[in-house]
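Data block below; observations after.
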Amino acid sequence: MTTETKKPYFLDTPKDELQAFFQTHQIPSYRMKQIDEWIFKKFTYDPNLMSNLPQKFRDALLENFDWELPSIVSRLDAKDGATKLLLKSRTGHNIEAVILRYDGRTSLCISSQVGCKLACAFCQTGKLGFVRHLSAAELVAQFLSAYAITSTEDRRLSHIVFMGMGEPFDNYNATVMAARYFTAPEYYGLSKRHVTISTSGLVPQIKMLADDPVGSLAVSLHACRDELRTELMPINRKYNLTQLKEALLYYQKKTGAMITLEYILIKDKNCGQREARELIRFIHGLRAKVNLIPFNSHPGLPFEHPTEHEIKSFQSYLSQRSVPAPVRYSKGLEVSAACGQLAAKHLDDLNNAPKRQAVLP
């Protein structure tokens, strides 16, 4: 018994393979630019609608490549301007992308994996377990699904953040490939400063990004004492704070770019004066800002939202030492779309603990 091989997504196919496909079908190379313009300038991913392509070529594209975008299972709109999209992939797995509307900009939070391997203690996604990586085309597809919504509102997607489900650097090649699609002038053309890739601290990939920067770097830090960080983020066992700091210094030396440190404040856990002093010591020598994110409560986790006193005291300690430390209150809390809450849930499951997704063939 044989298993049917799925056709590759067009956007996942390496350029040399596409060139060979063009040559086999006697298609002029300039047609590639026309396809790129349809996808990234006219936001059309269906060859049937690419009207300046010959019908014979369109038929060949449909026959040899998969052009099916993930379907939107549900759309949940929060009163604060966040929209959570639950998308179903062609393998039947659910992923989430979040549109975040602000005055003057519109961001899209993209998922890079179904589930996550890293099992951070404060994050619902890790409770799903790891199912599979998403391909570059599946990352771009989240963008195209969001664009179909924001374009009707006369809003342009101005910022992309790889901060959804999964660890982007654990899926490095697809993440970088998608980031290139978002930033290259011949594609969507965003500034690299407006495309942010977040990592929990995968040291080799931080250095790889330093050597080939395709976006800005954000690091989920959350503690600056190895014992505490390992408790919150098991990845710290493999890449401890000393190794992480060395990688960040390398990144900054190579790129000269500001680094964003994400720091979730958890009541009675990591936001006391001791932890603030440890954070200041860790930052020394880095040009960085710290986004302080009060923990967003969700089912199945033992942590609590910090008190206002804890938030203000921690922020004040950093500010008095000239460390930029804005407090970022997450959008989308009412629809479980805030930081740490993405778990591919249907509407009826928002108040339940995360459920593992099946690993499908």
Side-chain angles (χ1 to χ4, degrees), residues 9-16 18-19 22 28-47 49-53 61 65 67 69-70 83 85 87 97-112 134-164 168-169 171-198 208-218 251 254-260:
Y9 279 120
F10 183 83
L11 288 177
D12 285 334
T13 307
K15 292 297 182 184
D16 57 344
L18 288 177
Q19 289 169 358
F22 278 38
S29 59
Y30 69 85
R31 296 293 187 189
M32 185 68 237
K33 182 178 180 181
Q34 290 178 316
I35 297 172
D36 290 340
E37 288 175 347
W38 277 108
I39 297 173
F40 292 99
K41 305 298 183 184
K42 301 176 184 178
F43 308 100
T44 298
Y45 199 62
D46 182 355
L49 301 177
M50 299 178 182
S51 56
N52 60 348
L53 302 182
L61 290 172
F65 300 100
W67 297 85
L69 294 177
T83 294
L85 301 178
L87 305 170
V98 182
I99 302 168
L100 301 165
R101 300 171 183 83
Y102 302 91
D103 291 338
R105 67 185 175 96
T106 305
S107 297
L108 176 66
C109 180
I110 286 179
S111 294
S112 57
L134 297 176
S135 72
E138 290 175 307
L139 301 185
V140 174
Q142 295 172 61
F143 167 84
L144 294 172
S145 296
Y147 176 85
I149 293 171
T150 57
S151 62
T152 65
E153 306 166 350
D154 197 27
R155 278 180 171 269
R156 181 177 188 268
L157 290 173
S158 58
H159 293 69
I160 306 290
V161 292
F162 291 83
M163 296 182 181
F169 279 179
N171 189 15
Y172 186 84
N173 290 336
T175 294
V176 167
M177 190 175 187
R180 290 194 200 285
Y181 281 131
F182 296 138
T183 58
E186 65 269 28
Y187 298 121
Y188 193 56
L190 285 177
S191 165
K192 291 180 182 180
R193 293 183 295 106
H194 292 171
V195 174
T196 302
I197 304 173
S198 177
M208 290 165 66
L209 189 71
D211 294 332
D212 183 21
V214 293
S216 299
L217 176 65
Y251 175 88
K254 293 282 288 190
T255 67
M258 171 82 76
I259 297 169
T260 298

Open item on the list: I'd like to check Leu69 versus Tyr9 (side-chain heavy atoms, cut-off strictly below 4.5 Å). Are they in contact?
Closed with: no

Open item on the list: Do the side chains of Lys254 and Asp212 get close enough for a salt bridge, i.e. N-O under 4.0 angstrom?
Closed with: no

Task: Partner residues of Phe65 under the ring-ring contact (aromatic ring centres under 6.0 Å, His included) criterion, sequence neighbours left out - done: Phe10, Phe21

Task: Minimum heavy-atom distance Thr183-Ser191, with the two atoms named - done: CG2-O, 4.3 Å

Task: Arg193 CZ: over 12 foreign heavy atoms closer than 6.0 Å - done: no

TODO: Verify whether the ring centers belonging to Tyr188 and Phe43 lie closer than 6.0 Å.
DONE: yes

Task: Contact summary for Pro28 and Phe22, nearest pair of heavy atoms - done: O-CD2, 3.8 Å

Task: Where Phe162 and Pro168 come nearest, the two heavy atoms and their spacing - done: O-CG, 3.3 Å

Open item on the list: Could you report the tightest heavy-atom contact between Ser112 and Asn171, atom names first, then the distance?
Closed with: O-ND2, 2.9 Å

Task: Side-chain heavy-atom pair Thr83, Val98 within 4.5 angstrom cut-off - done: no

Task: Contact check, side chains of Arg155 and Arg101, non-hydrogen atoms, under 4.5 Å - done: yes

Open item on the list: I need the minimum non-hydrogen distance between Arg31 and Asn52, along with the two atoms involved.
Closed with: NH1-O, 2.9 Å

Result block: side-chain N/O donor-acceptor pairs under 3.5 angstrom for residues 139-148, not counting sequence neighbours:
| unit_1 | atom_1 | unit_2 | atom_2 | d |
| --- | --- | --- | --- | --- |
| Gln142 | OE1 | Ser111 | N | 2.9 |
| Gln142 | NE2 | Ser111 | O | 2.8 |
| Gln142 | NE2 | Glu138 | O | 3.3 |
| Ser145 | OG | Ala141 | O | 3.0 |

Open item on the list: On a heavy-atom basis, which atom in Met177 and which in Leu11 lie closest, and how many Å separate them?
Closed with: CE-O, 3.2 Å

Open item on the list: Once side-chain contact (heavy atoms from CB on, under 4.5 Å) is applied, do any residues pair with Thr44, and if so which ones, sequence neighbours excluded?
Closed with: Trp38, Lys42, Leu49

Task: Pair Ser158, Arg105: side-chain N/O donor-acceptor within cut-off below 3.5 Å - done: no

